[in-house]
There are 2 protein chains.
Amino acid sequence: MKNITIQDIANEASVSKATVSRVLNNTSPVRPDKREAILEAIQRLGFKPNVVARSLAKGRSMTIGVLTQNIGSPFYDTISQGVIAGLGETGYSPIFADGQWQRGAEVEAIQALIGRRVDGLVLIGGDIPAEQLEELCRDLPTVVVARQLPSDHHHCIFTNNVDGGYCATRHLIENGHREIAIVRGIEHHPDAIDRYEGYKRALAEAGIELDPRLVLPGDFSAESGVSAIDDLSERGRTFTAVFAANDTTAFGVRLALYRRGLRVPEDVSIVGFDDQAEAAFMAPPLTTVRQPGREMGALASGSLLELIDGKPFESRPLLAELIERESVGRGPGA
Amino acid sequence: MKNITIQDIANEASVSKATVSRVLNNTSPVRPDKREAILEAIQRLGFKPNVVARSLAKGRSMTIGVLTQNIGSPFYDTISQGVIAGLGETGYSPIFADGQWQRGAEVEAIQALIGRRVDGLVLIGGDIPAEQLEELCRDLPTVVVARQLPSDHHHCIFTNNVDGGYCATRHLIENGHREIAIVRGIEHHPDAIDRYEGYKRALAEAGIELDPRLVLPGDFSAESGVSAIDDLSERGRTFTAVFAANDTTAFGVRLALYRRGLRVPEDVSIVGFDDQAEAAFMAPPLTTVRQPGREMGALASGSLLELIDGKPFESRPLLAELIERESVGRGPGA
DNA sequence: TTGTAAGCGTTATCAC
DNA sequence: GTGATAACGCTTACAA
């Protein structure tokens, strides 16, 4: 059973290919009876236009390239979902390529996407320098999510991480905590750097001196949350609160505390970052800084389509907002 | 800057398009000096073959359609990741469409994928009846993941859920529990049905009578885990263990228990299903039945490529194995 | 309103 | 070995 083409329909309805194409795209009026005949033939033969051929002819593939960092981070997964959802019924389909948080792979992934003649690009996170990106994606509509690029010639959708880190830390301070540990994210990761910056800022503002013993390295994993608490405890540095680089790390922190018989929030308070789905069901529910991943993804694909249509990119800043739940209690200074 | 084509290269190297195509696909020998000239021109002009045109000409799009159920389930996300990873450097790219666990949307999604002339289909979960699937995907290589279809004409990759449910429950029984509650998944969902089946089987085998008051409805959400425990407690039915439909539900169960001051595992034991990333960091770490989502996804895309190459589908059954952690303790009968 | 025919960028089939 | 040239399935001037 070979695929039926526009020609078959044309034959069946005794018209030309061109006319069939016209009703398919209603690009110009067609006499009602012919239109009927064509529609009927399409129905009867179950004709589906070949998107590939159409792409070639129009020079638009109706396809969006999505660069992911395929590492099983719930936050990035949520963004991907938002991107897919945002494309919804638009006729565009997302095609994925994985950057694996490695520059080489990332460049290859982007090139593969471009080779497929995608009409636009959504870059989720990523690591390659702005100039290289610039060159790679020249004159291809591109939106970057969860990453802030210096030049505002790029179209970025992100939340303010320093602000988020600041809010998280200030919340702890306002609750009477002064010995606040932080478990950082991957050292060179911009988000990690920004959240740390916010932490320092809140501390400074409150006149609390930064104690290097309270800043622990991490990598956004739960394991790093565990190690951080273990290190802290073994070194005997006291602390009454922990700001974790993200929720995943917070879970690790919570587990380590549990292991040591420390109660949350009576003995130690925790605040996380992201508000991933599981955060609300930690025991106790995790107070965290919410990043609206799904919205970010949907906004990215939506903006991209507008960009493709020649509309300007509207940069609507997204809020990283503190969600107060139950993992923060009153500290000694309260 | 218009895209450069194979014709430009041909001109540049003073050969015909055909010859350029030959070196591109090394489909037949080409005189070394010409080959050099062509390669050089490609390099110099930065030529990238147009995948769309190639697809049209060859009748293969080098594209795999992936049907997802875009609902933010960590398990399904993991499968998607596995699919992407499994495609890796094969030259195939995955293109996604969302079924939203709704038949209508699912059919449309599959049709959209087919319209794009994908070379094969990976269906993650899904709800439409086998016969309809049959008809929809006729003579298009298809692999179904995380779903077991009756006809073995379909190629399915799944774990044995009744077995998993059985192991989970038996583990609880072996630890001396007899009052074992179950929080079920979505009522008509095959996985939910199977896990429940396993539960009943283990109970029967141990000569424990099924108490309807201990089987609670659920929908795979954490909320349903909370409600289940709340219901159970309010109705005053005693229980010493809970088998949750999946880990997400288990988290809800754990939270509800925490709220009521019940300790895990001293007062109540829990076992989940899936082994999603967060399970190992619940406090205490969750004993659960592991489904290897990433492997399943990778296996799916791998098998699909073999199918496309005309090789037969090898059905390797995947194990749902019990991962013992710390959420199960000795029950009264131990 | 409709048909003819020329692309779109490759691959594939022929001859030479 | 290599170059014309006809597909591939559709869109889109350009005529009619």
Side-chain angles (χ1 to χ4, degrees), chain A residues 1-39 41-42 45-63 91 93 111-112 114-119, chain B residues 1-39 41-42 45-63 91 93 111-112 114-119:
Chain A
M1 181 192 89
K2 68 181 266 300
N3 273 319
I4 49 214
T5 76
I6 205 176
Q7 182 67 66
D8 299 327
I9 303 297
N11 296 151
E12 206 71 10
S14 317
V15 296
S16 72
K17 295 193 309 179
T19 305
V20 177
S21 174
R22 287 184 184 106
V23 340
L24 243 29
N25 305 280
N26 39 66
T27 172
S28 83
V30 167
R31 229 172 59 206
D33 56 330
K34 297 206 169 185
R35 155 177 242 97
E36 271 321 305
I38 292 171
L39 255 21
I42 289 178
L45 292 142
F47 165 76
K48 296 285 173 199
N50 182 327
V51 182
V52 175
R54 180 178 291 188
S55 299
L56 184 58
K58 312 228 299 198
R60 309 177 82 207
S61 62
M62 296 305 282
T63 281
S93 296
Q111 283 176 335
I114 294 176
R116 288 186 175 271
R117 297 298 188 271
V118 295
D119 296 333
Chain B
M1 181 193 86
K2 68 182 267 296
N3 274 319
I4 49 211
T5 77
I6 205 176
Q7 181 66 69
D8 299 327
I9 303 297
N11 296 151
E12 206 71 10
S14 316
V15 296
S16 71
K17 297 191 307 179
T19 304
V20 178
S21 175
R22 287 187 183 103
V23 340
L24 244 29
N25 306 280
N26 40 65
T27 171
S28 84
V30 168
R31 229 173 58 206
D33 57 329
K34 298 205 169 187
R35 154 177 243 97
E36 271 320 306
I38 291 171
L39 255 21
I42 289 178
L45 301 187
F47 165 77
K48 296 286 172 197
N50 183 327
V51 182
V52 176
R54 180 177 292 189
S55 299
L56 183 58
K58 311 228 298 197
R60 308 178 82 208
S61 63
M62 295 304 282
T63 280
S93 296
Q111 284 176 334
I114 293 177
R116 288 185 175 271
R117 296 300 188 271
V118 295
D119 296 333

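By convention in this document, chain letters (A, B, ...) are assigned in the order of the sequence lines, proteins followed by strands, and residues within each chain are numbered from 1.
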Picking from D:dT2, C:dT11, C:dG3, the nucleotide nearest the side-chain atoms of A:Ala18 would be C:dG3

Of the listed D:dG9, C:dT2, D:dC10, the closest approach to the A:Arg54 side chain comes from D:dC10

### Task
Compare side-chain N and O positions of B:Lys34 against OP1 and OP2 of D:dG3 and report whether any pair is under 4.0 Å apart.
yes

B:Pro49 has its side chain closest, among C:dT10, C:dG7, D:dG1, to C:dT10

The nucleotide from C:dT2, D:dT11, D:dC10 with an atom nearest the side chain of A:Ser21 is D:dT11

Rounded to 10°, the helix from C:dT1-D:dA16 to C:dC16-D:dG1 deviates from straight, judged by its five-pair end axes, by 40°

_Distance-only side-chain donor-acceptor flag, B:Arg116 / B:Thr63, under 3.5 Å_ = no

The nucleotide from C:dG9, C:dT11, D:dT11 with an atom nearest the side chain of A:Lys17 is D:dT11

Check your understanding: Counting just side-chain N and O atoms, does B:Thr19 come under 4.0 Å of either OP1 or OP2 of D:dG3?
Key -> yes

Whole-Å distance, B:Leu56 CG to D:dA6 C1', equals 13 Å

I'd like to know if A:Arg117 reaches the base of C:dG9 with its side chain such that a donor and an acceptor end up less than 3.5 angstrom apart.
no

Regarding the side chain of A:Ile6, the nearest nucleotide among D:dC10, D:dG3, C:dT11 is D:dC10

Regarding the side chain of B:Arg31, the nearest nucleotide among C:dC8, D:dT2, C:dA12 is D:dT2

Which of D:dG3, C:dC8, C:dT11 is nearest the side chain of B:Leu24? It is C:dT11

Taking D:dA4, C:dG3, D:dC10 as options, the one with an atom nearest any side-chain atom of A:Phe47 is D:dC10

Per atom distances to the A:Ala57 side chain, the nearest of C:dT13, D:dG9, C:dT11 is D:dG9

| said: Let's go through A:Val20 and A:Val15 carefully: what are the C-alpha distance in whole Å and the side-chain angles of both, what is the deciding distance for side chain to side chain contact (heavy atoms under 4.5 Å, CB included) to 0.1 Å, and is it a yes or a no? | reply: CA-CA 7 Å; A:Val20 177; A:Val15 296; 3.8 Å; yes

Judged by nearest nucleotide, the residue sitting upstream toward the 5' end of DNA chain D, A:Thr5 or B:Ser28, is B:Ser28

